[in-house]
Amino acid sequence: MIVITGATGQLGSQVVEQLLRHVPAEHVGVSVRNTEKARDLADRGVRVRRGDFNDADSLASAFEGAKRVLIVSSNSSGREAVAQHAMAIDAARDAGAERVLYTSHQGVSAQSEFAPMLDHAATTAYLSTLGTPFTTLRNGFYASTVPLLLGQALQTGEIVAPADGPVSWTTHADLAEADAAILADPSLLGDGETPPLTARDAHDLDDIARMLTELTGRSIRRVVVEDEEWVLSLIGHGVPVAQARLLLGMFLGSRNGEFAVTDPALEQVLGRPAQPISTVLGDLVSGSRAA
């Protein structure tokens with residue numbers, strides 16, 4: 001059996017759907033905090049069990065009989081996230097899983113300016129001590145982040161944000177398809193850390209502004225603001241201080257080139273080109289016109 005955690009989340013739900021294209025439903029299990037949200041999967045023959053990263057007993061039940069377990073990284077951060085990942089990793093090992101897979105990030109580094117990368121690095125280090133074969137899926141930076149960075153740009157004509165650098169924005173859909181393929185056949189990319197699973201190109205917000213200008217037919221201008229000014233604006237709009245600081249780290253990391261790497265591995269697994277960020281922007285513009 002292959003078990004997936006976070007199976008009702010944005011990535012996990014898509015991984016499950018893609019995995020069901022590779023293996024029968026009765027060979028798939030999901031670990032979710034709220035089993036009611038996965039009722040449709042149960043109706044289709046998927047084993048649904050409660051699993052909570054803060055409850056070792058629930059994970060033992062959710063992972064029972066698993067040959068492979070995919071641990072989708074927690075929404076928590078810092079020590080809490082690493083502790084949750086470690087609990088899930090231990091539970092997978094104790095359940096007898098032959099391989100543990102974990103959704104990491106292309107920019108994973110213990111020296112990153114972006115705090116979640118440190119969590120991924122610590123989790124990867126823990127996996128390496130496990131004594132069980134593992135795969136860390138170095139997923140590209142989720143393209144769904146871009147609309148959040150744009151703010152009111154489609155209304156104001158300005159993308160207002162701190163200085164940034166290129167990022168190889170990659171869609172959840174492409175990553176879910178590739179992650180599922182690797183989950184079904186881990187030999188595709190071998191043991192340990194995968195190469196970065198990214199789209200073909202990396203783009204900064206200047207590039208995004210140019211793409212939006214072409215897509216909308218109106219001028220979209222990139223406006224660079226000072227880091228502290230941007231942080232204070234977030235706080236002024238109700239964003240907690242810690243969250244605002246964490247988000248600034250994304251810009252600091254991109255300025256250092258932490259997310260600029262691209263690699264053909266994703267497209268090799270998919271057997272086709274990855275979706276470019278222009279597709280995501282085109283959908284965003286179409287949606288705004290329809291609204």
Side-chain angles (χ1 to χ4, degrees), residues 1-9 11-16 18-20 22-38 41-42 45-105 108 110 116 118-139 176 179-194:
M1 176 166 286
I2 300 173
V3 175
I4 299 168
T5 74
T8 56
L11 178 67
S13 61
Q14 294 185 61
V15 172
V16 173
Q18 291 293 334
L19 184 61
L20 290 172
H22 294 274
V23 299
E26 59 266 27
H27 294 168
V28 178
V30 298
S31 168
V32 294
R33 284 181 295 179
N34 184 343
T35 57
E36 283 300 306
K37 291 185 177 180
L41 292 174
V46 173
R47 189 183 81 179
V48 176
R49 290 187 178 176
R50 178 180 174 272
D52 188 318
F53 282 179
N54 295 309
D55 182 347
D57 289 341
S58 73
L59 293 174
S61 172
F63 296 167
E64 182 183 7
K67 182 177 181 180
R68 290 190 283 278
V69 175
L70 173 63
I71 297 171
V72 177
S73 57
S74 169
N75 288 329
S76 301
S77 60
R79 292 181 180 178
E80 180 182 6
V82 177
Q84 290 175 335
H85 297 156
M87 181 177 286
I89 289 165
D90 288 347
R93 176 201 60 203
D94 294 345
E98 298 175 7
R99 178 173 296 275
V100 179
L101 298 93
Y102 168 74
T103 58
S104 184
H105 195 284
V108 56
L118 280 65
D119 302 342
H120 289 308
T123 300
T124 300
Y126 189 77
L127 273 165
S128 69
T129 69
L130 191 63
T132 297
F134 71 92
T135 302
T136 55
L137 301 158
R138 292 181 60 195
N139 287 346
D179 290 354
I182 296 166
L183 188 56
D185 181 6
S187 68
L188 284 173
L189 291 180
D191 290 337
E193 291 188 274
T194 67

**Message:** Using modelled atom types and a 3.5 Å cut-off, is there a donor and acceptor pairing between side-chain atoms of Asp119 and backbone atoms of Val82?
**Reply:** no

**Asked** Would you find more than 12 non-hydrogen atoms of other residues, nucleotides or ligands less than 6.0 Å from Asn34 atom CG?
**Response** yes

**Prompt:** Going through the distances and angles, do Ile89 and Phe134 end up as a side-chain contact (heavy atoms from CB on, under 4.5 Å)?
**Reply:** CA-CA 10 Å; Ile89 289 165; Phe134 71 92; over 6 Å; no

**Item:** Heavy-atom side-chain contact between Arg138 and Val108 under 4.5 Å
**Value:** yes

**Message:** Taking side-chain hydrogen bond (donor to acceptor under 3.5 Å, both in side chains) as the definition, give me every residue that meets it alongside Thr136, ordered by chain and number, with sequence neighbours left out.
**Reply:** none

**Message:** As an exercise, state the distance from OH of Tyr126 to CG of Asp90, rounded to the nearest 0.5 Å.
**Reply:** 3.0 Å

**Heavy-atom closest pair, residues Gly190 and Thr135** = O-OG1, 3.8 Å

**Prompt:** Is the closest side-chain heavy-atom distance between Arg68 and Pro186 below 4.5 Å?
**Reply:** yes

**Asked** When rounded to the nearest 0.5 angstrom, what distance separates CG in Leu70 from CG in Leu11?
**Response** 7.5 Å

**Request:** Give the intermediate values and the outcome of side-chain contact (heavy atoms from CB on, under 4.5 Å) for residues Asp179 and Val72.
**Result:** CA-CA 11 Å; Asp179 290 354; Val72 177; over 6 Å; no

**Nearest atoms (heavy-atom pairs only) where Ala91 meets Leu59** = CB-CB, 3.7 Å

**Fill in**
Taking every heavy atom of Val16 against every heavy atom of Ala7, the minimum-distance pair comes out as CG2-CB, 3.8 Å

**Item:** Over all atoms of both residues, closest heavy-atom pair of Gly51 and Ser31
**Value:** CA-OG, 3.2 Å

**Message:** Does the plane of the ring in His120 sit parallel, tilted or perpendicular to the ring in His85? Use 30° and 60° as the thresholds.
**Reply:** parallel

**Asked** How about Thr8 and Leu41: do any of their side-chain heavy atoms sit closer than 4.5 Å?
**Response** no

**Message:** Tell me which pairs pass side-chain hydrogen bond (donor to acceptor under 3.5 Å, both in side chains) where either residue lies in residues 47-56, with sequence neighbours left out.
**Reply:** Arg49-Glu64, Arg50-Asp55, Asn54-Gln84

**Minimum-distance pair of heavy atoms, taken over all atoms of Val100 and Ala92** = CG2-CB, 3.8 Å

**Message:** Please find the pair of heavy atoms, one from Ala110 and one from Ala121, that lie closest to each other, and give the distance.
**Reply:** N-CB, 3.7 Å

**Message:** Working to the nearest 0.5 angstrom, can you tell me the gap between Tyr102 OH and Thr194 OG1?
**Reply:** 12.5 Å

**Complete:** Interatomic distance, OG@Ser104 vs CD1@Ile71, rounded to 0.5 Å, equals 12.0 Å

**Asked** What's the spacing between Leu101 CG and Leu137 CG if we round to 0.5 Å?
**Response** 5.5 Å

**Item:** Pairwise distance CG(Leu183) to CD1(Ile2) - rounded to 0.5 angstrom
**Value:** 4.5 Å

